Structure formats: structure tokens, C-alpha cells
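Both backbone and side-chain heavy atoms feed into the values below; hydrogens, waters and symmetry mates do not. Nothing here was measured: the structure is a model prediction, and the numbers come from that model. Residues take their numbers from the sequence shown, with the count starting at 1.
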Amino acid sequence: MTTELDQAHDPSATSVKCPHSDDKIGAKSSSELIVWHRCGRLLIIIFLFTFVKDAAPHPQCLDFQPPFKPPYHLEFCKDYEKFGCCDQTTDNIIAERYWDVMEFYDIREYELCGELVKEILCQECSPYAAHLFDAEDPYTPVRVLPGLCSDYCAEFHRKCGSVVKHLTDDPGLRDACEKDRTKFCHLLNLADQDYCYPNVLRSSLLNRNLGHVVEDRKGCLQLCLTEVANGLRNPVLLLHPGDDTSRMFVAEQLGFVWVYLADGSRLEEPFLDLSGEVLTTPWHGDERGFLGMAFHPHYRDNGRFFVYYSVLVGQKVEKIRISELRVSMHDMNKADPQPERVIFEIEEPAANHNGGQLLFGLDGYLYIFTGDGGRAGDPFGKFGNAQNKSALLGKVLRIDVNGDSSDGKPYRIPEDNPFLSDAGVRPEVYAYGLRNPWRCSVDRGDPVSQHGRGRIFCGDVGQNRYEEIDIIERGGNYGWRAREGFECFDVKLCYNSSLRDILPIFAYDHHVGKSVTGGYVYRGCESPNLNGLYLFGDFMNGRLMALQEDRGSGRWSERSVCMGTTATCSFPGLINHHHKFIISFAEDQAGELYFLATSYPGSESPFGTIYKFVDPSRRAPPGKCRIKTLPVKVKGKRVPFVARERTVLELNEKPTRPPFKKFKFTTKLPATSLPTTTKASPVALPTETDVRGTIPWKPTQQPIRHEEDLKTKSCPKSPTAKFHKKKVKGGKVKKNGQKGRNCVKKTTPRKGVHVNKTSALRGVSVHASTPFRGLSINKTTHMEGHTMNKTTALEGVSVNKTTPRKGISVNKTTSLEVDSMHNSTSLKVVTVNKTTPMDGNGMNEILEGVSMNKTTPMEGVGVNMTLGGVTTNKQDRRLEAKGMIRGRNSPHSATREGRWRRDGGRRGAGRM
């Protein structure tokens with residue numbers, strides 16, 4: 001029997017009307033309360049479903065780019081050989097790291113940990129590597145280890161905790177791994193549990209259609225853009241010369257053509273300036289102007305190119321002119337405007353429907369696309385210009401520009417033009433029945449099978465109801481004015497049995513858009529998912545669209561294109577918005593696609609921008625799309641590109657997922673960070689000992705905080721500065737990093753040596769709270785021996801006042817007694833602890849027969865602070881009175897900074 005609560009989870013259960021929110025719950029019966037509960041559960045389920053549906057996955061690699069399909073088989077991280085972030089080179093590097101780690105372990109440990117270590121290292125190849133390593137999150141640093149889910153981390157720590165020290169140098173992770181498993185796994189966990197390993201492999205949302213173009217709930221393909229150029233005045237075309245220079249030529253409606261280099265900069269001087277000849281006005285939507293351009297297939301060798309523009313002849317007649325120009329002999333970035341060779345001119349009866357496309361087919365012939373002459377409904381003649389094959393308007397013309405005709409025309413007619421034998425038909429006509437073709441292109445063909453190679457796609461602007469996309473065929477009739485799109489426009493012509501028109505591959509009505517802008521079939525390298533898609537748009541409403549071919553039936557179906565969401569386009573340099581009016585589409589030499597748009601369609605409006613299509617879901621393998629670019633000789637100035645559009649990452653103030661929560665560490669400071677006393681008493685501030693007594697310790701003006709702040713001091717010119725046994729020859733750099741005399745950093749402990757910047761004592765000096773390696777010195781003492789800081793205790797070393805070690809032990813009350821003190825006195829004695837007996841070693845045995853304590857005066861013993869940073873005791877004053885030591889005013893006395901500091905090891909040698 002099914003209860004009402006069970007029905008809330010049963011989609012087949014009968015729907016129940018939810019109570020109004022204003023109803024009082026207190027007055028409801030038990031059954032009504034059940035209904036309330038059920039409705040609340042349903043609302044929660046609907047909300048969560050909607051949230052999850054909108055939260056599109058965001059695959060991203062550690063180089064901040066989309067994943068890819070490796071071009072070759074992966075030998076090590078095989079789980080990601082179909083789609084991920086590693087190519088064969090990276091896979092080999094990870095494998096080498098793995099075997100370097102596993103060499104430390106035997107067979108049993110290899111069997112226990114080998115697979116876990118491999119899984120962790122291979123997460124660099126995961127399509128969600130950026131999430132696993134926090135590389136996409138600006139609020140946290142990139143991790144050294146991937147984010148691991150709690151259960152998996154606990155298992156890894158239990159079995160393979162000893163491996164962590166070989167996987168990372170992070171002291172925090174190492175310390176947590178040794179001391180606290182919970183803290184260790186907390187540090188490795190992620191705030192978003194969907195992305196931690198291995199949950200990331202189990203999420204159906206993250207792995208559904210992974211590697212395919214992202215679609216929203218309506219099936220719209222989500223693409224992103226990069227801004228390429230801006231500040232253009234109604235840019236009408238962008239094209240490349242095919243000369244391997246990676247230059248792009250952008251034409252403005254006014255008649256200027258600009259050169260853009262591979263680095264995005266624009267040359268200050270235009271390549272071509274026909275603004276004095278081009279007919280155009282600043283009126284909104286004026287279709288006249290510089291409309292088309294095409295480079296000869298052998299432009300690199302002959303420098304020829306062709307232009308299509310509006311011109312006013314004799315101040316009365318408007319025409320379209322197709323002419324030939326050449327590049328300058330002296331500058332590859334300048335056209336030679338003279339002489340201009342006019343191919344032909346066609347009179348335009350109206351100011352609109354000017355066509356404007358020029359292109360070279362794979363056959364090497366020049367194709368010219370003209371409009372029907374303007375006005376509404378093609379009212380010229382009995383059938384209109386488009387159906388009149390004796391007129392050049394509303395046609396696709398094909399000519400051979402590689403020679404002159406016998407009758408003196410600057411072109412020849414190809415022998416296979418379709419209407420050469422028809423009387424009264426212009427031999428240039430290749431196809432007819434077009435209204436106003438705006439932007440046509442040649443399909444390069446599939447890069448593998450070459451399917452579709454050579455097809456010519458064209459967008460034909462409609463009249464009142466439909467916009468269409470056509471594939472141009474030899475001798476084809478595309479129906480205008482008999483037909484518009486798939487429907488009849490002129491009924492009489494439409495039902496004429498001799499029409500035999502070719503229907504468009506796609507048409508859309510004016511509820512979708514009102515002015516088609518033809519595009520290109522994507523055949524580039526950088527976005528493999530887009531291969532074979534015909535991308536185009538609508539000028540009036542700024543809508544982007546795509547068509548996909550069914551190769552079996554030859555039919556084309558629409559795929560809506562929309563700008564990606566914030567999450568989808570969260571990559572460096574990507575944007576997800578563009579200007580409304582889409583003027584043209586373009587293709588570079590590598591086959592990547594662009595489109596040109598503006599926010600105001602006027603010939604003098606400087607808001608034209610060029611955008612490049614990017615698929616954020618998948619890219620090509622690294623290095624595959626690299627092309628060799630020939631050098632460009634630039635004579636003029638360059639104008640660097642400055643982006644105006646803000647990228648998604650700049651607009652998005654929050655990361656793509658919640659930042660990692662701050663963790664409060666409870667670790668205390670090391671016990672050796674402050675001086676300790678023999679008894680359990682409060683820690684006192686460190687002090688300095690002087691012949692005058694005890695002076696409170698004061699910090700230096702600029703305490704050292706980073707290793708790079710450490711400064712190097714030159715050696716003192718005293719003969720006592722020769723503290724190295726080996727001499728330096730030829731000024732070569734020794735291990736201490738200095739030239740000439742042996743010098744070391746003032747505050748950086750070197751291997752076995754620590755020196756004072758002002759004094760050098762040949763003997764031994766001991767700090768009250770510093771453990772030593774056999775021999776120890778003060779931070780300010782030059783020694784021939786060894787030095788240690790206060791925090792390090794090593795073998796055979798005295799430690800502190802409370803821990804007797806094998807060797808010597810000292811405490812803060814230790815005073816050093818020195819033998820025969822003078823300016824260059826060499827010491828042959830060692831300190832003695834007041835209260836600590838030596839462990840099996842008498843001082844007279846290991847220290848050349850010298851043994852002492854605080855109360856036993858030694859012959860010739862006692863050191864003044866001013867001679868080398870050694871502490872003194874109450875006997876100093878008596879010795880000074882006997883003339884055995886120098887007073888404070890001696891010219892050889894040390895500076896204040898050179899005196900003994902009880903924090904010498906902590907403030908100096910302790911900073912590594």
C-alpha cells in the first residue's frame with residue numbers, strides 16, 4: 001500500500017493541489033498537513049533539479065585551458081587517454097616521477113601503495129585537474145596534491161602515509177601527515193565534494209557528454225569568444241592573404257583596409273585607402289560602400305588582389321565596380337593604388353541590394369556575387385533582374401582573371417561556365433535567382449576525409465518572410481523572385497514548370513531574424529568539436545546559429561548557438577557577449593572562425609569589433625595547431641591591441657565554486673623560539689651583558705623576515721679574519737658566495753661556520769640557550785670551527801641546561817673563561833656549566849686540559865665583550881683592574897651591534 005509520503009517520490013502518483021501559503025497551518029487536519037509536507041518536498045526537489053541542471057560542468061586543465069583528446073596512446077595514465085589534460089610527453093613525465101617515488105619501497109609496500117600513488121599522480125591528467133588542484137579558484141593557491149575525498153584520503157594515509165614526504169615539500173602537509181590524520185585529510189579535501197577524487201569520476205553531471213560542446217536545457221550550443229580587434233568603423237570583411245604571414249586584412253565600409261599582425265597589433269598606416277572613390281554616407285543602414293575584397297590564390301608571388309565597392313560615376317549614375325590592384329613593390333604592407341585595373345562596372349538602379357562578395361574557388365576562378373538591383377520585389381522587367389540571365393544583377397558570376405579575352409576584356413570566360421551556348425545569356429553567369437547575397441564562403445572540406453571540399457555556401461537576404469542559406473551549384477536557379485525561402489513569392493513564376501529552382505538547405509522566418517549574414521563551415525584545428533558546423537548569424541537581432549549536416553541523407557539541421565554561461569566561459573581571455581549587429585564572418589589561414597559586429601551600423605561609427613569563436617569544452621592537443629609564420633617587414637609604426645571588453649573572469653567577482661574555508665591551526669611555536677631558564681619561571685626578555693652590567697635587549701631596526709632580505713658584508717681587514725683553512729685564489733667564488741677574501745652572510749649560518757662582522761676569536765664561544773654540534777659560537781663571533789643555531793640539536797652536542805647529553809652542556813648562567821686575552825687573542829678553552837656534570841668526559845680531557853666553573857678563577861681567564869662577543873662574569877672587573885683586559889674606551893672595542901646577544905641563534909642563525 002502506498003502512503004501519501006511515498007507518493008511524493010512517485011512521479012506516477014496523482015497530483016495534489018498544494019495549499020495556499022496564506023492558509024493557516026494550525027487549522028489543518030492531519031491529511032492536509034501531509035499534503036503540505038508533500039508539496040514542500042516536491043518544491044525542494046524541483047529547486048534542486050533546476051539548480052543542478054543550470055550548474056554546467058566546467059572541465060579545465062592546470063594550464064587554464066580546456067581538456068583535449070590525446071593524439072597518441074597513454075602508457076601510464078591510461079584512464080585519461082580518450083579525454084583529459086595529458087599528452088604522451090606529460091604522461092611519461094608522470095611515470096618517471098612515480099618510479100622515482102616507488103624506488104624507496106619494497107615489493108610489499110609497492111603492492112600496498114602503488115596503485116594509490118599512481119591514481120593521485122595521474123590526477124594531473126584529469127579533465128577536471130584545475131578543480132582538483134584549486135587552479136581555477138582565485139581565492140586559494142594551487143595545491144601540490146589533488147583534492148581527495150575524506151574516505152579515500154583516510155585509506156591513503158593509513159596505507160601509504162610514509163609516501164607523502166616523497167610527493168610534496170610542503171611542510172604543513174608533511175607535519176599534518178605525521179601527527180594528525182584528520183587534519184591532513186582536511187587540508188586535502190575540497191569545499192565542493194563533487195570535484196574531490198574519486199567522487200569526480202562518479203558524478204553523472206560532470207561526466208555526461210564530457211568532451212562535447214556544452215548545451216543548455218534547450219539544446220543551445222554554448223560557445224565563448226575572444227576579442228581580437230576593436231575601434232573599427234563598420235568593418236565589413238576580414239580575410240587573410242594566404243602567404244603564411246598570419247596577417248589579417250580588415251576593410252571598413254568607408255574604403256580603408258588595415259593590416260593586423262600575428263601579435264594583434266595594427267599598423268598605423270592603412271594598407272589601402274579608397275575613401276576618396278567609395279560611395280557611402282553616414283546614414284544608419286546605408287548598404288553602399290567598400291563591400292568586398294579577395295586575394296589572388298598566388299598573391300605571395302604576384303601581389304594581385306581584387307576589390308568590390310560602390311562608386312558614383314559622373315555625379316549621376318551609381319555603379320558597383322570590380323577592379324584589380326597590386327601590392328607595393330617597396331612595402332609588403334602597402335597597396336599601390338595606381339594603376340587600378342577595372343574589371344567591369346555594373347549600374348545599380350537603387351541604393352540597396354548591392355551584394356558585395358568576392359572569392360576565389362578551388363578551381364582558381366573569381367566568383368562575384370551581385371544583388372538584384374534594389375527596391376522591393378525585384379520590379380525590374382517582366383521577371384526581375386534575378387531571373388533574367390542577360391543581366392548581371394542577382395547572379396553569381398565566374399571569370400578567369402589570369403588572362404585577357406580576345407575582345408579586349410580584362411578577363412576570360414571559363415570553358416565550363418554553364419550558359420556559354422545559350423543565346424542572349426551573359427557568359428559570366430554561373431548561377432542566378434539570388435536576391436541579395438551577403439557573405440559567401442568556400443568549404444575547405446573535412447581535414448581527414450575531405451568531405452565537402454569546394455562547396456560554396458551563401459546567405460541570401462530575404463524580402464518579407466524568410467532568410468535562407470544556399471549551396472551554390474553550377475547553373476543553379478535559386479528561385480528569387482518566384483520563391484522566397486521555401487514558399488512562393490510571385491505565384492505565377494513559382495508555378496512555372498520551367499522554374500526548376502534549387503531549394504535552400506535552411507531557411508528561417510522573420511520571427512527568428514530579418515537579415516541573414518552568411519558564414520563559414522568550421523574546419524579549423526583549435527576547436528575540434530565544431531568541425532563540420534556551418535556558423536552564421538542574423539544582422540538585425542544579433543543571433544548566432546549553426547547548421548549540421550547528416551552525411552547519410554545530405555540534410556541540414558539547425559543547432560542554436562548561444563553565449564556560454566559564466567561557469568562555461570571561465571577561462572583566461574574569454575568573453576560571453578558581443579555587439580548586436582553582426583556584419584560579417586571570416587576565416588583565418590588556419591581555419592579558425594571570426595565574426596565582425598558593431599553596436600551602431602553606421603559607416604562612421606567607431607564601435608566595430610572582431611570576435612573569435614572558442615569552444616570551452618574541448619581544445620586540440622598542445623602543439624597540434626602550431627603553424628610556422630613567415631616574418632613580416634614592418635616599416636611604419638604599430639598600434640598595440642588593447643581589449644575593451646571585460647572577460648568573464650574579470651566580470652565574475654566570485655570563483656566558479658565556493659572558496660576553501662579557512663582552517664585555524666593550533667600548532668604552538670617551537671619551544672626553542674625563546675630563551676628558557678633552569679627553573680619553571682616566566683620567560684623574560686632577552687638581555688645583553690656588558691662590562692657595565694645587564695642591558696635590556698632591543699630589536700634591530702629592520703628585523704630579517706625573508707631569506708632574500710639577508711645582506712652580505714665584506715670581510716674585515718684584520719689579520720684575525722682568516723678563519724678558513726683553505727685560501728682563496730684568483731678571486732674565485734667559494735661556497736660562501738663571495739669573491740676575494742672568505743666572507744659569509746652576516747646573519748645566514750653557512751655550513752659549519754658562523755662569523756661576527758667585527759671580531760674573530762680563534763676558539764670557542766657558547767650561547768646560554770644554544771645547543772651545539774661539538775663547538776658553538778655566538779652570532780657575532782668569527783670562529784674557526786662550527787656553528788649552530790638555537791633550534792638544532794645534533795649528535796655529540798650540548799643541548800640545554802636541563803638535558804645532559806654526551807658531550808658538553810651549558811645554561812644561561814654559563815660564563816666563558818678565556819686564556820690570555822688581547823686584541824688578537826686565540827682561545828683554547830671551552831665553557832663549563834655551573835651545575836651540569838659532564839657525561840663521562842672531563843673537561844680537561846676534551847678541551848686541552850682546561851676545566852673551570854663559575855667560582856674557580858683560572859689563570860689568564862676572562863673575556864671582555866668588546867673583544868669578540870663572549871660573555872663575562874663578575875671577575876671581569878677584577879681582571880680589568882689588573883690590566884688583563886681592555887676597557888670600554890679602547891680603540892679596539894667592538895660596536896654595540898657586535899656584542900654578545902642572548903638571542904644570537906634565534907634572531908640570526910635561526911632564519912634559514
Side-chain angles (χ1 to χ4, degrees), residues 57 59-62 67-70 72-135 142-170 172-190 192-208 210-211:
Q60 180 178 329
C61 299
L62 291 178
F68 54 89
K69 181 180 180 180
Y72 305 105
H73 171 70
L74 300 185
E75 295 291 339
F76 189 68
C77 300
K78 296 181 180 180
D79 292 340
Y80 304 105
E81 67 177 357
K82 292 184 178 180
F83 190 69
C85 295
C86 290
D87 56 9
Q88 198 172 41
T89 301
T90 307
D91 183 64
N92 291 337
I93 293 173
I94 294 175
E96 290 177 5
R97 288 174 54 196
Y98 172 79
W99 292 116
D100 288 343
V101 171
M102 299 313 298
E103 282 180 356
F104 291 97
Y105 300 94
D106 57 22
I107 296 297
R108 185 187 64 83
E109 292 168 322
Y110 171 77
E111 293 177 351
L112 184 66
C113 300
E115 192 64 26
L116 292 174
V117 174
K118 178 180 179 180
E119 290 174 351
I120 290 175
L121 290 178
C122 284
Q123 292 316 298
E124 292 185 24
C125 300
S126 169
Y128 293 103
H131 296 267
L132 287 162
F133 287 87
D134 273 344
V142 177
R143 294 166 173 260
V144 292
L145 291 177
L148 304 180
C149 301
S150 299
D151 294 342
Y152 183 90
C153 177
E155 179 187 4
F156 170 71
H157 186 275
R158 178 173 56 82
K159 293 181 178 179
C160 315
S162 61
V163 182
V164 173
K165 62 178 178 290
H166 300 299
L167 297 178
T168 177
D169 293 329
D170 189 331
L173 283 177
R174 284 185 168 191
D175 183 69
C177 180
E178 294 176 0
K179 299 179 179 179
D180 189 343
R181 177 187 299 175
T182 302
K183 175 182 172 182
F184 174 74
C185 291
H186 181 83
L187 291 173
L188 287 185
N189 207 347
L190 294 175
D192 192 336
Q193 290 296 293
D194 286 337
Y195 285 102
C196 66
Y197 183 83
N199 286 359
V200 67
L201 300 178
R202 303 166 182 164
S203 173
S204 59
L205 174 66
L206 298 180
N207 293 280
R208 183 175 61 245
L210 184 62

Closest approach of [X] to [Y] (non-hydrogen atoms, all atoms of both residues):
X    : Y    : value
N189 : S150 : ND2-OG, 3.0 Å
C125 : I94  : SG-CD1, 3.6 Å
Q193 : L190 : NE2-O, 2.7 Å
K69  : F83  : N-CD1, 4.1 Å
D194 : L206 : O-CD1, 3.4 Å
V117 : F156 : CG2-CE1, 4.4 Å

**Asked** Considering residues at least two apart in sequence or located in another chain, which fulfil the salt bridge (Lys or Arg N to Asp or Glu O under 4.0 Å) criterion with E124?
**Response** R97
**Message:** Checking D169 now: which residues fulfil salt bridge (Lys or Arg N to Asp or Glu O under 4.0 Å) with it, not counting sequence neighbours?
**Reply:** R174
**Asked** When you measure from the side chain of N92 to the backbone N and O of Q88, does any donor-acceptor pair fall under 3.5 Å?
**Response** yes
**Asked** Under 3.5 Å, side chain of N207 to main-chain N/O of S203, donor-acceptor pair present?
**Response** yes
Which residues satisfy the side chain to side chain contact (heavy atoms under 4.5 Å, CB included) test with [X], sequence neighbours excluded?
X    : result
C149 : C196, P198, N199
E75  : H73, D91
D79  : none

**Message:** side chain to side chain contact (heavy atoms under 4.5 Å, CB included) for E178 and K165? Distances and angles first, verdict last.
**Reply:** CA-CA 10 Å; E178 294 176 0; K165 62 178 178 290; 5.9 Å; no
List for me each residue that meets side-chain hydrogen bond (donor to acceptor under 3.5 Å, both in side chains) alongside [X], sequence neighbours excluded, and say none if there are none.
X    : answer
E96  : none
S162 : none
E155 : K159

Measure the spacing between [atom1] of [X] and [atom2] of [Y] and express it to the nearest 0.5 Å.
X    : Y    : atom1 : atom2 : answer
C153 : H186 : SG    : NE2   : 11.5 Å
D134 : L62  : CG    : CG    : 10.5 Å
D192 : L132 : CG    : CG    : 10.5 Å
F76  : C122 : CZ    : SG    : 5.0 Å
R143 : L148 : CZ    : CG    : 8.5 Å
L145 : L121 : CG    : CG    : 8.5 Å

**Asked** Would you say the SG of C61 sits less than 2.5 Å from the SG of C85?
**Response** yes
**Prompt:** Below 2.5 Å, is that where the SG pair of C77 and C86 sits?
**Reply:** no
[X]: ring pair (Phe, Tyr, Trp, His ring centres under 6.0 Å) partners, not counting sequence neighbours:
X    : result
Y197 : Y152
Y128 : H131, Y195
Y105 : H166

**Item:** CA sep, side-chain torsions, deciding dist, call: E119, L201, side chain to side chain contact (heavy atoms under 4.5 Å, CB included)
**Value:** CA-CA 12 Å; E119 290 174 351; L201 300 178; over 6 Å; no
**Message:** Does anything in residues 107-116 form a side chain to side chain donor-acceptor pair (under 3.5 Å)? List the pairs, not counting sequence neighbours.
**Reply:** none
**Message:** Between T90 and D87, is there a side-chain donor-acceptor contact under 3.5 Å, judged purely by atom types and distance?
**Reply:** yes
